[in-house]
Amino acid sequence: MSLFFGRPLEHYLIIAAILFCLGLFTVMTRRNAVGMLMGVELMLNAANINLVAFSKWGAKPVIDGHIFVMFVIILAAAEAAVALAIILSIFRNFGDVDVDSKTLMKE
Amino acid sequence: MTIGDVLYNLAFYMFVVLTVLSAAVVAFSRNVLHSAFSLLFTFFGVAGLYVFADAQFLAAAQVLIYVGGVLVLILFAIMLTYTSTSPTHPGQASNLSSLSIGAGLLTIVVYFCVLSVFIPIPEGWSRITTDYSGTDVVAISKVLIGKYLLPFEVVSMLLLAALVGAAYLARRKG
């Protein structure tokens with residue numbers, strides 16, 4: 001079968017690289033804290049795509065990549081919950097979630 | 001290259017375009033709410049990519065956890081932390097033409113999905129639907145309770161800690 005023109009692994013790696021770069025750009029340029037969290041989720045998804053691709057088309061087809069992805073998804077969800085709780089605290093204390101203006105600890 | 005292969009590749013590239021385009025909107029949109037809604041499409045696109053890599057359980061888990069959990073949480077946080085000085089731009093009627101083009105494309109995609117039911121399934125597709133002996137879920141379950149039992153238990157404690165921590169951090173003081 002000539003699926004993916006015979007190069008499935010490269011397709012997935014390129015997609016994951018693009019997604020990772022877009023997530024990194026989001027984290028670096030967004031001023032909204034929730035927007036930065038969305039960039040982090042994009043980067044985690046890119047890593048997951050890489051893991052799944054190598055789990056199927058790597059040196060030998062194993063299932064451990066899928067387990068790794070499951071744990072990454074679990075940790076991403078837990079981290080999003082705690083991060084958003086912190087963001088809510090920041091909003092209550094400062095009135096907005098603009099990360100550029102939070103310079104209290106800077107001297 | 002049979003018609004089945006062409007359709008398989010076409011469906012894969014459609015998911016690729018969906019994922020990458022939505023991620024670009026997440027990165028470059030100025031309104032954070034637009035970013036959140038296109039993150040939804042990114043998650044669905046990634047779930048589709050998982051299906052093409054024989055990771056059906058992961059695709060289902062991705063949709064359930066990311067779309068049903070993380071994204072809902074993100075949307076709540078955006079709505080709760082919205083201030084009038086957040087950078088947004090009000091909707092204009094000038095983007096009506098692009099909206100109509102988008103709706104037309106979506107219609108074509110839906111027609112394609114509906115009409116693809118009537119295409120006879122060629123040789124290569126049968127293994128996805130009839131061979132259940134070595135599926136994804138069976139292999140994951142064997143390994144999760146066998147080799148990876150310790151991380152499984154540890155991560156359940158971590159989730160408890162995250163739950164308590166998030167509830168404590170977000171409590172209303174006084």
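As the structure is a prediction and not an experimental result, all values here were calculated from the model. Labels below follow one simple rule: chain letters A, B, ... track the order of the sequence lines, proteins then strands, and each chain is numbered from 1.
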Which atoms of [X] come close to chain A, meaning under 4.5 Å heavy atom to heavy atom: side chain ones, backbone ones, both, or neither?
| X | value |
| --- | --- |
| B/Y168 | neither |
| B/F76 | neither |
| B/I74 | both |
| B/L158 | side chain |
| B/A161 | neither |

* Asked: If every non-hydrogen atom of A/R30 is compared with every non-hydrogen atom of B/S35, which pair is closest and at what distance?
  -> NH2-OG, 2.5 Å
* **Where B/A55 and A/H66 come nearest, the two heavy atoms and their spacing** => CB-CE1, 3.6 Å
So, do [X] and [Y] sit near enough that their side-chain heavy atoms are less than 4.5 Å apart?
| X | Y | result |
| --- | --- | --- |
| B/V16 | A/H11 | no |
| A/V34 | B/T81 | yes |
| A/M38 | B/V32 | yes |
| A/F71 | B/L144 | yes |
| A/E41 | B/T42 | no |
| B/D54 | A/V52 | no |
| A/N45 | B/T19 | no |

* Asked: Which answer fits A/I18, side chain, backbone, both or neither, if we ask what part of it has an atom under 4.5 Å from a heavy atom of chain B?
  -> side chain
* Checking A/I15 against chain B: side chain, backbone, both or neither under 4.5 Å from a heavy atom? -> side chain
Looking at [options], which one has more heavy-atom pairs under 4.5 Å with chain A than the rest?
| options | answer |
| --- | --- |
| B/V70, B/L58, B/L73 | B/L58 |
| B/V6, B/L71, B/V46 | B/V46 |
| B/V26, B/L163, B/L159 | B/V26 |
| B/A36, B/A53, B/P151 | B/A53 |

Single-linkage hydrophobic cluster, 4.5 Å side-chain cutoff, [X] and [Y] together:
| X | Y | value |
| --- | --- | --- |
| A/V62 | B/Y50 | no |
| B/F12 | B/V20 | yes |
| B/V51 | B/V17 | no |
| B/V164 | B/V154 | no |
| B/L33 | B/V72 | no |

* Asked: Taking everything shown except B/F41 itself, do over 12 heavy atoms lie less than 6.0 Å from its CZ?
  -> no
* Structure fact -> Value for OH (B/Y82) from CG (A/D96), rounded to nearest 0.5 Å, stands at 12.5 Å
* When rounded to the nearest 0.5 angstrom, what is the spacing between CZ in B/F57 and CD1 in A/I63? -> 10.0 Å
* Structure fact -> Ranked by heavy-atom pairs below 4.5 Å to chain B, first place among A/V27, A/T29, A/L37, A/V97 goes to A/V97
* To do: Look only at the side chain of A/Y12 and the backbone of B/L49, and say whether a donor-acceptor pair between them is shorter than 3.5 Å.
  => yes
* Assess whether side-chain contact (heavy atoms from CB on, under 4.5 Å) is satisfied between A/D64 and B/K147, documenting all intermediate values. => CA-CA 10 Å; A/D64 302 79; B/K147 193 168 149 191; 2.8 Å; yes
Could you pull out all donor-acceptor pairs under 3.5 Å where a side-chain atom in residues 74-93 of chain A meets a protein atom, sequence neighbours excluded?
| unit_1 | atom_1 | unit_2 | atom_2 | d |
| --- | --- | --- | --- | --- |
| A/S89 | OG | B/L169 | O | 2.5 |
| A/R92 | NH1 | B/A170 | O | 3.3 |
| A/R92 | NH1 | B/R171 | O | 3.1 |
| A/R92 | NH2 | B/A170 | O | 3.2 |
| A/N93 | ND2 | A/S89 | O | 3.4 |

* Structure fact -> Sequence neighbours excluded, the answer for side-chain contact (heavy atoms from CB on, under 4.5 Å) partners of A/R31 is A/D98, A/D100
